[in-house]
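Some notes on the structure that comes next.
Note on naming: letters A, B, ... go to the chains in the order of the sequence lines (proteins, then strands), and numbering restarts at 1 for each one.
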There are 2 protein chains.
Amino acid sequence: MKLLIIEDDKYLSDSICETTKEMFEAEQAFDGEEGLFLAEQNIFDVIILDIMLPSMNGYEVLSNLRKQNITTPVIMLTAKDGIDDKIQGFKVGADDYLVKPFHREELLLRLEAMVRRLGNLLKENVITFKDLKLNIKNKTAELDGELLKLNGKQFDLLEYLINNKNAILTKEQIFDRIWGFESDTSMTVVEVYASNLRKNLKKHGYDQFIKTYRGLGYMLADSGD
Amino acid sequence: MKLLIIEDDKYLSDSICETTKEMFEAEQAFDGEEGLFLAEQNIFDVIILDIMLPSMNGYEVLSNLRKQNITTPVIMLTAKDGIDDKIQGFKVGADDYLVKPFHREELLLRLEAMVRRLGNLLKENVITFKDLKLNIKNKTAELDGELLKLNGKQFDLLEYLINNKNAILTKEQIFDRIWGFESDTSMTVVEVYASNLRKNLKKHGYDQFIKTYRGLGYMLADSGD
DNA sequence: TTTTTTAAGGTTGGTTTAAGGTTGACCCTC
DNA sequence: GAGGGTCAACCTTAAACCAACCTTAAAAAA
């Protein structure tokens, strides 16, 4: 799962990275504009957002996101514990709140709660699509009692598709999610991986559910016609 | 949706393009005359108009447009924040105002507000014509529970017609909107696409609503006689 | 070794062109 | 004003073209 940390204190940001690295793969932004830009890609599972930030404050970032209908859960950080901040934070759509300084475990608890609330239970390591079961923890996939042999990025792609089934994902989104923004790999790898994934699902006829929308992207569809 | 940016500062213009590229497809004009010419095509959803411009200033461009009964919403930009400018801007028909320098998110907010005011909610991904439903996000069209197979530009054409129903659109407008100004394709493609679209709608009898007005253009009419 | 990336050629299907057919406005003649 | 001719605008079809995508395999990296 991917976490975005928007926090200008580099030391704190790194420390959050460290704390959460068992659960999340983290990206960092060090000012509001950069954070908003990254968050707009809509490829994160959770965002940790500081309030006091250079170039654009946390409230602005958040309300901007929500206006764009981006509903990624957000945990806001602030040095102040005033009730006003909380009110304003929740009003613009924050899902949780954390007062600095906080304990490592407290952050972890809230992150877990956040993700659990989403339905993506952290303890629940299995996601499914029809009879296909993915075990997130072991990175194994199973269909009809048979173990599919999916390598790392193939698994990631399938997981991303399942978590967004019946919605078109552009090649850019897939690339940003799996390869990362600053990767200098060519975007055509996405096609290669789509092809390989289909090949691996073909034996069970599940390749039909991965559809290509020419000029738009890919979609995992419930109905395969 | 299409946005026209009339701004002589190339750097700023490009930056607006970048900022809005998730929402809009932008065209750029770098002086007043060019801007007026493009705006007269009447194919844009919003116009961003600078006041200080070579060859013709923003006020002239705007009042010229309004005299021609072109009501595309306009957001004016200016380096000055004098109240006089605002008054003059609104008097000639600007819909909103932005003082340079401005923040990326301020522009986005105003654009959103503008479009929302239009009734074209950004969040609203579905537009309809009678029993025909277009999902803008998936680029899919549905009629009587059946999915229509429309390729990219056919979909764009239908979308444009629905957004302008009961109004005649000239072939030039359609061409400029869908193929773009500088396309070197021949204008007769419009006829081909009108034909193909009618063929695809014929099964449901909806071809009758696309009417040809010889020498004028096409119109999607509520009443099919 | 296994996984990831690049490169290259093949395939598909949307887009454009071209060519011939149809329609309707306009004019002329009776 | 009825009939007919003419022409430009428009319709329709189908083939040619081209960019997006697929697939494979070899090279590079881990």
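The backbone N or O of Met23(B) sits nowhere less than 3.5 Å from a side-chain atom of Thr20(B) that would complete a donor-acceptor pair. With hydrogens and angles ignored, the 3.5 Å screen pairs no side-chain donor or acceptor of Ser15(B) with any backbone N or O of Tyr11(B). Side-chain atoms of Lys2(A) come within 3.5 Å of backbone N or O of Arg177(A) as a donor-acceptor pair.
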### Task
Could you give me the CA-CA distance, side-chain angles and deciding distance for Asp222(A) and Lys165(A), then say whether side chain to side chain contact (heavy atoms under 4.5 Å, CB included) is met?
CA-CA 7 Å; Asp222(A) 271 328; Lys165(A) 68 176 178 181; 3.9 Å; yes
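Rounded to an integer number of Å, the gap from CZ of Arg214(B) to P of dC7(D) is 15 Å. The nearest whole Å value for the distance from the NZ atom in Lys211(A) to the C1' atom in dC21(D) is 17 Å. Between the CD1 atom of Ile168(A) and the P atom of dC21(D) there is a distance of 12 Å, rounded to whole Å.
Among residues two or more places apart in sequence or in another chain, the side chain to side chain donor-acceptor pair (under 3.5 Å) test is passed with Glu182(A) by none. Scanning for ring pair (Phe, Tyr, Trp, His ring centres under 6.0 Å) contacts around Tyr206(A) gives Phe209(A), with sequence neighbours left out.
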Would you list the atom pairs, donor with acceptor, under 3.5 Å between side chains in residues 184-191 of chain B and any protein atom, with sequence neighbours excluded?
{"residue": "Thr185(B)", "atom": "OG1", "partner": "Ser183(B)", "partner atom": "OG", "Å": "3.0"}
{"residue": "Ser186(B)", "atom": "OG", "partner": "Thr188(B)", "partner atom": "N", "Å": "3.1"}
{"residue": "Ser186(B)", "atom": "OG", "partner": "Thr188(B)", "partner atom": "OG1", "Å": "2.7"}
{"residue": "Glu191(B)", "atom": "OE2", "partner": "Lys171(B)", "partner atom": "NZ", "Å": "2.5"}

### Query
What string of B, S and - do you get for nucleotides 22-30 of chain D 5' to 3' if you count protein non-hydrogen atoms under 4.0 Å?
BBB------
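Bracketed by its first and final contacts, the part of DNA chain C lying under 4.0 Å from non-hydrogen atoms of chain A reaches from dT3(C) to dG14(C) in 5' to 3' order.
Taking 4.0 angstrom as the limit, Lys171(A) places a side-chain polar atom (N or O) nearer than this to OP1 or OP2 of dC21(D).
Residue pairs that meet the salt bridge (Lys or Arg N to Asp or Glu O under 4.0 Å) test with at least one member in residues 29-42 of chain A, sequence neighbours left out, are Glu40(A)-Arg104(B).
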